[in-house]
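What follows is a single structure, written as structure tokens, with notes after it.
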There are 2 protein chains.
Amino acid sequence: MKDTDDKLTSRNIKPTAMRELVLDILTEQKMAISLSDLEQKFHKSDKVTLYRTLKTFEEKKLIHSIDDGTGAIKYALCKETCQCHPEDLHVHFFCLKCQHTFCLSDIPIPSINLPVNFSVENINMVVKGVCSNCND
Amino acid sequence: MKDTDDKLTSRNIKPTAMRELVLDILTEQKMAISLSDLEQKFHKSDKVTLYRTLKTFEEKKLIHSIDDGTGAIKYALCKETCQCHPEDLHVHFFCLKCQHTFCLSDIPIPSINLPVNFSVENINMVVKGVCSNCND
DNA sequence: GATTAGTTTGCAACTCAGTTGCATAAACTT
DNA sequence: AAGTTTATGCAACTGAGTTGCAAACTAATC
């Protein structure tokens, strides 16, 4: 638990039992998960608590959210150093076969030349296709 | 109406009064609009009919949908030649001030080097920031 | 260690976008 | 005109996300 606690406190989140559990589950995941995915990993759980936990985590930049177009927002851990600035952002991938959403952490979002007088705060880029696992 | 009808029939959509109206409204828009935006442009309207009209239009590639992260999908007209293939796609912009979503039709989505064995079908790229209109 | 103040959790209940089923109306077919 | 297909309108539902409030917990102080 020590490790989990440190991760929380280093992001200025009070470590409660609930938050440790949620962070541990998120750490285990190889893919981004939604609020209801998370809910189903508990035998008995309250959606609202999990919802607020995720909100807190996101606010403190422990996790980031991905709108993959499925209608349910997905969440995944940020890297230690992540500040969720445009330069920290990476591409996400949604597999049309397995329906999973991955961080392509190594692929930064390419920069774009916007029209004059437009300023950027954030970019969401989701590639949809078939992942290597599902491509035979 | 002749013009509107032609646009519909050329995309294999039977021109009904309802569809002509919806297409005309969509043509007038300078920005992408949601189902409820559309609904509000009618004095008396049925959400479901509009919903199905949009679905039909999208299926026939007369319009395309944009998930801008606001929770409501936006729709905008496709170009005449658009087949909604990856090479037809462009970047979208969501203004955090005026809350409007625009097509940046001239900015194609940059191509990405995906990891080995990943294949692409579609890409959604939404830049959030402040548009030229709102940047003083 | 009891008292208080602040934070977190759990429950109920709600909003809002999107969706389905079914019955009526309109448009095509022969 | 009768029958078939397609489009429209209404009611009702789903599912994600959200808010308010009260109970439980935590931390800080006496």
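Reminder, nothing fancy here: chain letters follow the sequence lines and each chain counts from 1.
- In this structure the side chain of B:Asn124 reaches within 4.5 angstrom of the side chain of B:Val126, judged on heavy atoms.
- Put simply, CZ on B:Arg19 is 15 Å from P on C:dA26, counting in whole angstrom units.
- Classified by interplanar angle (parallel below 30°, tilted 30° to 60°, perpendicular above 60°), the ring pair A:Phe118/B:Phe93 is perpendicular.
- Panel note: side chain B:Asn135, backbone A:Asn117; a donor-acceptor pair is recorded below 3.5 Å.
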Let me have a per-nucleotide readout for nucleotides 19-25 of chain C, 5' to 3', with B, S or -, counting only protein heavy atoms under 4.0 Å.
BBB----
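- Using a 4.0 Å heavy-atom distance criterion, A:Thr16 is classed as a sugar-phosphate-only contact.
- Two residues are said to be in side-chain contact when any heavy atoms from C-beta on lie closer than 4.5 Å; A:Ile13 and A:Phe57 meet this criterion.
- The stretch residues 58-72 of chain B touches DNA chain C through B:Gly71, B:Ala72, each having a heavy atom under 4.0 angstrom from the strand.
- Within 4.0 Å of A:Ser34, counting heavy atoms only, lies no atom of the nucleic acid at all.
- Between the CG atom of A:Leu23 and the P atom of C:dT8 there is a distance of 15 Å, given to the nearest Å.
- The only member of A:Lys55, A:Glu58, A:Lys74 that meets side chain to side chain donor-acceptor pair (under 3.5 Å) when paired with A:Ser65 is A:Glu58.
- Here the C1' atom of nucleotide D:dT18 and the CD1 atom of A:Ile73 are 12 Å apart, to the nearest Å.
- Looking at A:Lys79 and A:Ser105, their side chains come closer than 4.5 Å, going by heavy atoms from C-beta outward.
- Distances shown here put a side-chain N or O of A:Ser36 below 4.0 Å from the OP1 or OP2 atom of D:dA16.
- One atom, CG of A:Asp46, and another, P of C:dA13, lie 14 Å apart when rounded to the nearest Å.
- For the residue pair B:Asp37 and B:Ser34, a side-chain donor N or O sits within less than 3.5 Å of a side-chain acceptor on the partner.
- Put simply, NZ on A:Lys74 is 15 Å from P on D:dG15, counting in whole angstrom units.
- Atom-to-atom, CE of B:Met18 to C1' of C:dA27 comes out at 17 Å; the value is rounded to the nearest Å.
- Between D:dC10, D:dT8, D:dA7, one nucleotide has an atom nearer to the side chain of B:Lys14 than all others, and that is D:dA7.
- Using a 4.5 Å heavy-atom cutoff, the side chains of A:Asp68 and A:Gln99 are not in contact.
- The separation between A:Lys44 atom NZ and C:dT9 atom P is 13 Å, rounded to whole Å.
- Protein atom CD of B:Glu39 is 12 Å distant from nucleotide atom C1' of C:dG18, rounded to whole Å.
- Side chains of B:His92 and B:Met125 form no contact here, defined as non-hydrogen atoms less than 4.5 Å apart.
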